[in-house]
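Comments concern the structure below.
Just so it is clear: chains get the letters A, B, ... in the order the sequence lines come, proteins before strands, and each one is counted from 1.
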Amino acid sequence: MKSHLLQLLLPVAQSIHPEILANSIQMDRPKSIEHGDFSTNLAMMLAKPMKKNPRELASLIIEKLPKSPFIEKVEIAGAGFINFYLSEKARTFIIHEILKNPLTYGQNTSGHDDKGHPQKVQIEFVSANPTGPLHVGHGRGAAIGDSLARILKFNGWDVTREFYYNDTGAQIDNLTKSVHARCHHIDPSDPAFPEDGYRGEYIVDIANAFLNKSVITCEGKTIHASGNIDDLASIRAFSVAYLRQEQDQDLNAFHIQFDVFTLESSFYQHGYIEKVVNQLIKNGFTYEEDNALWLKTTDFGDDKNRVMKKSDGSYTYFIPDITYHLNKWERGFKRVINEQGSDHHSTITRVRAGLQALKVGIPDTYPEYVLHQMITVMKGGEEVKLSKRAGTYVTLRDLIDEVGCDATRYFLVARKSDSQLVFDIDLAKTQNSDNPVYYIQYAHARIEGVLKQWGGKLDALQDIDLKGLDSTQELILIKRLNEFPEMVLHASLELAPHTIANYLKDCAADLHSYYNDTKFLVANEHEKLQHLSLIKATQIVLKNGLNLLGVNAPDKM
RNA sequence: GCCCUCGUAGCUCAGUGGAUAGAGCAUCCCCCUCCUAAGGGGAGGGUCACAGGUUCAACUCCUGUCGAGGGCGCCA
């Protein structure tokens with residue numbers, strides 16, 4: 001509909017001002033229905049270069065504008081806005097589009113290449129180290145990352161969801177020492193407990209499982225605990241497998257599936273790391289100092305150079321990071337998005353600098369990043385900081401168990417990722433309109449209730465014309481539904497899942513308002529089918545939108 | 001000290017350079033003989049942190065100040 005209007009407008013604009021470019025014409029959505037369905041600022045844009053009054057230009061443009069069956073009227077308003085009001089024919093067309101394409105309405109092919117094939121994009125998210133249960137921050141990353149994956153797929157991308165974890169390095173040493181200590185019944189109050197050890201109760205569970213010679217199956221591999229209290233190699237392997245399995249269970253409970261898990265250790269095993277290091281040395285971006293090997297990341301915009309090989313001969317985390325991203329590139333991902341907590345912000349410059357230093361043609365904006373800010377969990381008006389199991393932080397599992405998967409996902413994705421977020425457990429548990437998740441889901445279920453009551457076949461709604469369906473509520477609702485595809489595209493371009501959440505809340509509000517104002521199942525058969533086709537279309541949009549957030553659309557509540 | 005993000009109603013937050021800055025909660029008033037009241041309608045509530053600048057037009061872009069959070073490890 002929007003492109004239809006632009007096609008009408010472009011030749012007119014060019015006849016008035018030949019230099020104007022097609023993509024410089026703005027076609028906006030007015031906030032208020034009083035300003036029509038679409039609005040352009042074209043006259044105001046042209047006013048200055050042509051030195052003419054914008055309202056005069058606007059009336060000239062309207063005069064030249066060809067007639068279209070989809071346009072009811074065109075008006076000049078304010079400083080020189082040109083407002084378009086869609087016709088009943090256009091509204092009927094919009095609803096038919098939705099009803100004919102219930103599964104695909106809102107989709108587009110912006111992710112396709114020139115030949116019309118979906119392009120590959122990889123989204124890396126969560127990527128928690130296997131040193132403890134997932135916390136709320138991981139949950140936010142999981143909700144945002146998975147929603148982004150769904151949105152990009154809806155926009156025509158070929159999406160791979162990937163989880164990277166460090167199964168080696170200093171933190172895993174700490175984990176091993178912590179479990180070892182607990183095997184010996186040394187608890188964190190004991191001076192003998194490792195200084196940087198993990199203090200949560202879950203370490204005790206792992207120690208007990210280890211001593212009981214438990215068997216863990218994770219990612220297709222089976223790990224047997226030796227049960228030998230000082231077998232550090234076995235403790236290490238078992239603890240990592242145990243926590244990976246636990247994180248998997250949390251992710252399953254959160255309805256998130258990854259396509260690929262990548263282990264940091266895999267890069268050490270195939271000499272990949274050395275290859276990268278040698279390439280960096282060969283390219284002349286390294287130097288030795290204090291017995292360590294440094295990478296000149298300042299050549300690529302970093303504020304200081306970084307150690308890549310420590311004085312003890314091992315690598316810092318950032319060499320495997322560079323290696324991993326080279327690996328992504330070599331696997332054919334020309335586009336990669338990393339969803340991380342904002343505390344990892346400093347790695348952006350570093351990883352990009354490392355990739356540039358390799359000189360293999362990777363763009364300097366690779367990879368892209370979506371960072372999320374911290375979360376405060378509130379309950380009973382007070383901040384919740386601890387979980388029984390993890391000790392020092394609130395786990396994702398705590399939230400899912402307490403408020404459910406749908407509410408958790410919605411709340412964690414409903415805010416702009418670069419804003420800090422307050423997660424109100426009491427609100428998320430509420431089962432009324434205070435709680436946006438229930439409010440939206442209820443709108444969907446309510447529609448189903450009416451359709452059930454009606455009991456007819458949906459086919460009967462396919463070709464109903466909407467003549468006479470023009471109450472304020474109806475116009476607002478149709479306008480909202482028509483905005484869905486643009487909103488989906490916007491969410492994908494901005495990597496902003498929260499815009500979907502906001503849209504759904506607004507759409508549900510329009511529906512509830514309409515519902516309250518209108519008796520749908522009236523005696524007049526045609527009028528009844530008109531009502532039903534509109535609310536069925538609304539139901540489809542709500543369902544498709546909820547699906548982009550990974551939230552269920554129940555038929556009954 | 002340097003870098004990044006944020007600052008919008010009492011609270012939680014939206015707001016692609018455009019029209020009278022919007023929701024929800026909280027407060028107050030009203031609406032079910034009717035498809036789910038798990039709902040709806042209305043009222044009050046704002047110096048968009050502050051000060052400059054760019055623009056026909058700034059909550060939005062630029063600069064500075066103040067405030068909050070995060071980062072500035074041979075931790076990830």
Side-chain angles (χ1 to χ4, degrees), chain A residues 26 28-32 34-35 39 41 44-45 47-48 54 77-81 83 127-129 131 164-166 169-172 174 196 264 290-294 302-304 306-318 320-321 340-349 371-374 376 378 414-424 427 430-436 438-439 441-443 445-454 486-487 490 493-494 496 498-499 501-503 505-506 508-509 511-522 531-532 535 556-557:
Chain A
Q26 281 183 44
D28 296 318
R29 291 284 190 175
K31 285 175 204 151
S32 163
E34 292 161 38
H35 297 127
S39 167
N41 62 354
M44 286 182 284
M45 297 291 286
K48 196 177 187 194
F81 292 100
N83 293 337
S127 292
N129 289 340
T131 55
Y164 173 72
Y165 66 94
N166 300 309
Q171 297 310 321
I172 300 300
N174 276 335
D196 295 323
E264 182 185 7
D290 302 332
N291 285 325
L293 189 64
W294 296 67
D302 203 356
D303 53 1
K304 58 178 80 162
R306 309 288 170 176
V307 169
M308 49 190 265
K309 192 174 186 180
K310 306 184 215 174
S311 47
D312 67 3
S314 64
Y315 296 101
T316 62
Y317 63 90
F318 118 87
D321 269 3
Q340 301 178 334
S342 60
D343 54 335
H344 289 250
H345 178 264
S346 59
T347 63
I348 297 178
T349 318
L371 302 180
H372 63 260
Q373 296 276 338
M374 311 209 78
T376 307
M378 300 290 287
R415 302 297 182 218
K416 230 180 346 188
S417 68
D418 51 11
S419 295
Q420 291 171 41
L421 161 64
V422 175
F423 192 111
D424 184 339
L427 178 60
T430 311
Q431 307 220 339
N432 60 33
S433 63
D434 296 358
N435 183 343
Y438 283 89
Y439 186 73
Q441 290 182 321
Y442 179 44
R446 242 182 167 183
I447 293 167
E448 190 63 27
V450 178
L451 293 171
K452 278 240 169 62
Q453 176 88 12
W454 166 57
E486 290 159 43
M487 199 274 312
H490 182 252
L493 296 176
E494 299 294 319
H498 76 279
T499 56
N502 289 327
Y503 172 87
K505 207 170 79 172
D506 291 339
L511 184 278
H512 286 306
S513 177
Y514 181 41
Y515 186 104
N516 220 262
D517 186 66
T518 314
K519 172 98 179 126
F520 297 141
L521 301 175
V522 293
H531 292 154
L532 292 171
I535 62 169
K556 212 172 143 186
M557 290 174 72

Measure [atom1]/[X] against [atom2]/[N] and give the value in whole Å, please.
X	N	atom1	atom2	result
A:R29	B:rG15	CZ	C1'	16 Å
A:Y439	B:rA37	OH	P	13 Å
A:D517	B:rG42	CG	P	11 Å
A:N516	B:rC32	CG	C1'	9 Å
A:D303	B:rG71	CG	C1'	10 Å
A:Q26	B:rG17	CD	C1'	8 Å
A:K505	B:rG22	NZ	C1'	10 Å
A:D28	B:rA19	CG	P	10 Å

With rounding to the closest Å, how many angstrom separate the [atom1] atoms on [N] and [M]?
N	M	atom1	answer
B:rC50	B:rC3	P	24 Å
B:rA49	B:rA9	C1'	15 Å
B:rA21	B:rC2	P	37 Å
B:rC25	B:rA68	P	31 Å
B:rA38	B:rC56	C1'	49 Å
B:rU55	B:rG1	P	34 Å
B:rC59	B:rU65	P	22 Å
B:rU60	B:rG7	C1'	14 Å

*Within the stacking criterion (centroid distance below 5.5 Å, interplanar angle below 30°), does A:H345 stack on B:rG70?*
no
*asked:* Stacking between A:F81 and B:rG18, defined as ring centres under 5.5 angstrom apart with planes under 30°, is that present or not?
replied: no
Pick base, sugar-phosphate or nothing for [X], based on heavy-atom distances below 4.0 Å to the nucleic acid.
X	value
A:T518	base
A:M44	base
A:L421	sugar-phosphate
A:H498	sugar-phosphate
A:Q431	base
A:S311	base
A:A443	nothing

In the structure I gave you, are the side-chain heavy atoms of [X] and [Y] within less than 4.5 Å of one another anywhere?
X	Y	result
A:Y164	A:D321	yes
A:F318	A:R306	yes
A:H490	A:T499	yes
A:M44	A:F81	yes
A:T131	A:I172	yes
A:L371	A:D343	no

What is the base-pairing partner of [N], counting Watson-Crick and G-U wobble geometry with both distances under 3.5 Å?
N	value
B:rC61	B:rG53
B:rC2	B:rG71
B:rA38	none
B:rU20	none
B:rA26	none
B:rC66	B:rG7
B:rG45	none
B:rC32	none

*asked:* Side-chain N or O of A:K304 versus OP1/OP2 of B:rG73: is the shortest distance under 4.0 Å?
replied: yes
*Reckon A:S513 has a side-chain N or O less than 4.0 Å from the OP1 or OP2 of B:rG41?*
yes
Nearest to side-chain heavy atoms of [X], which nucleotide of [options]:
X	options	value
A:Y438	B:rU12, B:rA38, B:rC35	B:rA38
A:D418	B:rC6, B:rU16, B:rC74	B:rC6
A:Q171	B:rG71, B:rC75, B:rG40	B:rC75
A:Q420	B:rC35, B:rG69, B:rC74	B:rG69
A:R306	B:rC35, B:rC74, B:rG73	B:rG73
A:M45	B:rC56, B:rC35, B:rA14	B:rC56
A:D343	B:rG41, B:rG71, B:rG15	B:rG71
A:K310	B:rG71, B:rC75, B:rU5	B:rC75
A:N502	B:rC74, B:rA14, B:rU20	B:rA14

*With no hydrogens and no angle check, is any side-chain donor or acceptor of A:H512 less than 3.5 Å from a backbone partner on A:Y439?*
yes
When only distance counts, do a donor and an acceptor, one from the side chain of [X] and one from the base of [N], lie under 3.5 Å apart?
X	N	result
A:S39	B:rA19	yes
A:N83	B:rA19	yes
A:S419	B:rC6	no
A:D434	B:rG24	no

*Syn or anti for B:rC11 (syn when the glycosidic angle lies within 90° of 0)*: anti
*Cation-pi, A:Y515 ring and A:R446 (6.0 angstrom, 45 degrees)*: yes
*5' precedence on RNA chain B between A:N435 and A:K31 (nearest-nucleotide basis)*: A:K31
*Hey, which sits more toward the 5' end of RNA chain B by its nearest nucleotide, A:A77 or A:K309?*
A:A77
*Once the angle between the rings of A:Y514 and A:H531 is folded into 0 to 90°, is it parallel (under 30°), tilted (30 to 60°) or perpendicular (over 60°)?*
perpendicular
*So which heavy atom on A:L427 is nearest to which on A:D434, and how close?*
CD1-O, 3.3 Å
